[in-house]
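This report refers to the structure that appears directly beneath it.
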Amino acid sequence: MDKEMIQIAVPSIGDEEFQALMNPITSGWLTQGPQVKAFENEFAKMHGTNYSLATTSCTSALHLMLLSAGIGPGDEVILPSFTWIATANAVVYCGATPVLVDIDLDTFNVNFEEIIAKITQKTKAIIVVDLFGLCVDIPKLRSLIPSNLLIFEDAACAAGASINGAMAGSLGDGAAFSFHPRKSITTGEGGMFITQNKDFANTAEKLRNHGAEISEEQRHNGPQPFLLPEFKVLGFNYRMTDLQGAIGLVQLKKLEKFITERNTIAQIYKRELADLEWLHLPASPSGGTHAWQSFVTYVDPKLGKSFRNQLMQKLFDLKISTRPGTHAIHMLEYYSNRYNFKENDFPKSTLANNLSMAIPLHNQLSNSDIERVINALKMVKAM
Ligand SMILES: *Cc1c(COP(=O)(O)O)cnc(C)c1O
């Protein structure tokens with residue numbers, strides 16, 4: 001009997017989201033409007049922050065976040081080398097210099113000593129990444145670095161996650177989230193910039209809407225129909241549609257349940273795979289909630305990249321899809337060429353790049369899927 005492919009990720013989206021689209025569609029207000037506003041408000045409430053701006057993606061949220069703090073040419077921004085390329089790209093979009101640092105292999109998150117070693121007179125901000133949904137301890141980092149430095153959070157994978165009782169995105173100077181289908185909740189494409197800083201929020205709001213001094217809603221609601229907005233800065237169109245806002249509102253209500261289910265699966269994997277001495281399992285937070293955007297393992301460094309690749313091929317043949325965790329920025333051609341990075345500059349990021357493997361984790365996994373993944377991993381090394 002032919003088994004079906006177990007996918008690495010599947011969005012949980014259906015009738016409720018479909019029904020929610022009726023509101024913007026029948027109202028005729030399709031771009032950023034009341035649905036986006038409601039989504040922003042609920043998101044801010046859940047993540048313990050004052051200001052939230054929905055965007056076209058996490059990448060555009062990261063860009064707005066850095067621009068809102070005035071980051072530009074001559075500034076250095078420190079970020080981990082093991083992350084999705086967008087974290088670094090956002091820095092480059094601003095004309096600033098990305099300064100890479102290495103990670104800890106047990107968490108895949110940035111190493112604080114490495115950050116401290118890279119701080120210079122030009123350093124303006126640090127972007128920490130809550131990779132795969134595991135929050136970085138921002139208060140601890142804050143206590144170790146000069147107080148004038150901003151700490152931004154790439155929380156693309158961390159909606160609904162927490163650390164020591166504080167929600168992802170609530171502890172730094174700003175945070176960016178993603179609603180791409182690979183993340184825990186989705187709006188197709190989409191993102192959110194949240195901050196406690198009123199000036200950052202005001203600046204980002206203008207930049208999101210072409211740099212216009214007044215918004216479409218203000219113009220729509222009147223009373224001065226002759227008004228055209230003034231444009232004092234170079235802006236962008238980074239607005240989310242109200243169709244996405246309506247879907248996001250429904251998805252957000254399910255986020256806690258999604259994370260609880262993902263955590264249950266993660267704990268089963270951790271229990272059942274604990275005996276595989278050649279496979280390192282992801283860390284759980286000591287105090288807080290992991291969002292488990294992905295369950296990312298890595299194979300023993302002694303076995304190497306070719307072993308990891310063969311393993312992934314064998315699992316694929318068993319109809320189990322896996323993916324490398326993410327990539328090392330310094331090994332990507334654009335970055336290695338432009339900034340002259342060498343593979344050995346960030347050895348742990350290189351190892352993570354070569355050895356990591358995400359196994360299926362999503363809210364559509366059945367118990368028999370989970371069992372198939374576990375059994376395959378237990379026998380695949382001998383195959
Ligand atoms: C997914 C992801 C992004 C990009 O998100 P988009 O919404 O696709 O722009 C950025 N950073 C990290 C760490 C991610 O995982």
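When a ligand or atom number is given, it counts from 1 through the structure's own listing order.
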Using a 4.0 Å cut-off to any heavy atom of [X], which atoms of ligand 1 qualify?
X: Val129; answer: 13 (C)
X: Thr87; answer: 11 (N)
X: Cys157; answer: 15 (O)
X: Thr83; answer: 13 (C)
X: Ser57; answer: 7 (O), 9 (O)

Do ligand 1 and [X] have nitrogen or oxygen atoms that lie under 3.5 Å from each other?
X: Lys183; result: yes
X: Trp84; result: no
X: His180; result: no

TODO: Kindly identify the option in Ile127, Thr55, Ile85, Asp154 whose heavy atom sits closest to atom 11 (N) of ligand 1.
DONE: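 Closest candidate by heavy-atom distance is Asp154.
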May I ask you to check whether [X] and [Y] show a side-chain donor-acceptor distance below 3.5 Å?
X: Gln313; Y: Asn309; value: no
X: Glu76; Y: Thr120; value: yes
X: Arg239; Y: Asn209; value: yes
X: Glu333; Y: Ser336; value: no
X: Ser12; Y: Lys254; value: no
X: Asn375; Y: Glu371; value: no
X: Asn89; Y: Tyr335; value: yes

Open item on the list: Quick check on Gly191 - does any of its heavy atoms sit under 4.0 Å from an atom of ligand 1?
Closed with: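 No, Gly191 has no heavy atoms under 4.0 Å from ligand 1.
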TODO: Please state whether Gly190 comes within less than 4.0 angstrom of ligand 1, counting heavy atoms only.
DONE: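 Heavy atoms of Gly190 do come under 4.0 Å of ligand 1.
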- [ ] Answer whether the closest heavy-atom distance between the side chains of His327 and Leu332 falls below 4.5 Å.
- [x]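 In short, these two side chains touch, coming nearer than 4.5 Å.
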Can you tell which part of [X] has a heavy atom less than 4.0 Å from ligand 1: side chain, backbone, both or neither?
X: Thr59; answer: both
X: Ala156; answer: side chain
X: Thr326; answer: neither

Task: Sole residue of Leu365, Ile370, Thr322 in side chain to side chain contact (heavy atoms under 4.5 Å, CB included) with Ile6 - done: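 Result: among Leu365, Ile370, Thr322, Leu365 is the only option passing the side chain to side chain contact (heavy atoms under 4.5 Å, CB included) with Ile6.
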Open item on the list: Using salt bridge (Lys or Arg N to Asp or Glu O under 4.0 Å), reason through Glu114 and Lys118 one step at a time and then give a plain yes or no.
Closed with: CA-CA 7 Å; Glu114 303 268 339; Lys118 290 287 181 78; 5.8 Å; no
Task: atom 7 (O) of ligand 1 - nearest protein heavy atom and its distance - done: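 Result: Ser178 OG, 2.7 Å.
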